[in-house]
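Worksheet: the structure to be examined is printed underneath.
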Amino acid sequence: MKDKKVAHLIEAETKRQRVGLELIPSENYVSADVLDALGSVFTNKYSEGYPGKRYYGGQDNTDPLEQLAIDRAKQLFGSDHANVQPHSGAPANIAVYQAWLEPGDTVMAMKLDHGGHLTHGHPITSSAKLYNFVRYGIKDLETGEIDYEQMREVALKEKPKIILAGFSGYPRNLDYAKFAEIGKEVGAMLMADMAHIAGLIAGKALPNPLDFGFHVITSTTHKTLRGPRGGLILSNGKVTNPLKAPEKTLENLPTLIDREVFPGFQGGPHMHTIAAKGVAFNEALEPDFQVYAKQIIANASRLANELMKRGFKLVTNGTDNHLIQIDMTQSFKIDGREAQEILDTIGLTANCNAIPNDKLPPFRPSGLRLGTPAITTRGLKEDDMEKVAEWMKQAIKNRKDEKILNTLSIEVKEFASRFPLPSDN
Ligand code: DSN
């Protein structure tokens with residue numbers, strides 16, 4: 001690369017990733033093939049529209065490319081339709097809201113401090129200014145069980161047009177059958193934001209909401225799914241010409257969604273990212289991706305147990321998926337940000353996060369969020385989780401002792417260097 005400054009930063013970031021362990025649950029390491037596709041000449045091409053219905057010329061290769069990514073996504077998740085154009089998870093969610101709702105309509109989503117995502121109606125977002133969000137949440141903070149009775153009561157009263165299952169900070173499984181029962185009773189469209197667990201669903205380690213009658217799944221493609229940064233919308237129904245406005249019926253959801261992604265909300269799709277999504281979907285269709293997905297959960301479960309043994313207080317006392325939330329104030333009387341910064345010094349990357357009923361502010365919350373998708377990609381197994389938990393404990397306990405922190409940092413570096421990044425191969 002001629003640009004020495006950027007080249008230097010790419011090299012430094014590669015080194016940071018090689019010598020550290022990535023514990024942020026929404027991050028992962030992509031394959032060399034995904035990186036190749038992202039860096040391909042498809043970045044040069046504009047292709048507003050959809051395969052066979054584009055506005056500009058020169059679509060000989062973009063049409064079959066996007067169709068390939070669509071077909072692979074449909075095969076992976078068993079949906080009638082896939083839209084692979086959303087630039088990320090937030091635009092995917094907004095496109096679905098806009099496809100189905102009118103301003104002022106109601107959406108029911110998880111309480112934000114119980115694990116819901118910003119795009120599920122945080123007051124600061126544009127969606128919250130357009131739509132009315134009502135909430136469900138955890139009934140029992142010790143087990144993480146959702147209060148489905150309260151969900152039903154609020155749904156009967158508020159008549160939401162969408163009931164949204166999904167989270168970015170909830171470590172337990174959702175009961176999709178209960179969501180579907182309540183959704184049917186109140187006539188709501190069922191939407192699942194599976195950004196965090198899409199790879200676990202694709203790898204058949206967790207159930208697929210579409211099998212329970214959900215109408216739409218939104219997702220990112222870069223978390224457990226291990227593709228490029230991007231978004232995805234899957235839906236069931238009839239696919240018709242997106243150039244014609246259809247009636248707002250469940251059957252027409254695929255077309256309503258296509259029209260909202262483009263031209264409703266986005267302009268030209270990023271074809272280099274769509275190429276990389278296609279590669280990642282193909283990788284996720286391989287049998288070894290199912291082994292990977294199961295290993296993510298096995299690692300998370302073991303890490304949760306090893307942390308609890310060492311005095312860490314986990315939100316819901318464990319995990320069913322890839323992520324773990326720790327209440328640092330109850331564990332070691334520090335906040336989540338301080339814990340994040342201490343771990344950074346020894347090469348373990350995690351992120352601070354709000355926990356249910358958090359008394360601290362979002363920038364310095366009580367929680368620390370961890371996950372195993374990235375370290376599982378590197379090849380770490382259950383027994384390695386003991387080391388990770390011990391390093392975390394020692395670093396936090398000895399946070400004022402630079403000598404010990406330095407020794408731990410050398411140990412982490414030496415250990416991580418034994419597990420190359422997939423793109424190194
Ligand atoms: N930033 C993502 C996460 O970390 O969960 C969600 O947007």
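Start at 1 and go down the list; that is how both ligands and their atoms are numbered.
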Could you check whether atom CD of Glu402 has more than 12 heavy atoms from other residues, nucleotides or ligands sitting under 6.0 Å from it?
no

Any donor-acceptor pair under 3.5 Å linking the side chain of Asn321 with the backbone of Tyr170?
yes

Using the side chain to side chain contact (heavy atoms under 4.5 Å, CB included) rule, pick out the option among Leu303, Leu23, Ile297 that qualifies with Thr372.
Leu303

Residue pair Asn208 / Phe77: nearest heavy atoms and the distance that separates them:
ND2-O, 2.9 Å

Flag the pair Met110 / Arg135 as yes when at least one side-chain heavy-atom distance between them is below 4.5 Å, and no otherwise.
no

I'd like to check Val315 versus Pro356 (side-chain heavy atoms, cut-off strictly below 4.5 Å). Are they in contact?
yes

I need the contact residues for ligand 1: any residue with a non-hydrogen atom closer than 4.0 Å to the ligand, ordered by chain then number.
Ser26, His117, Ser168, His196, Lys223, Arg369

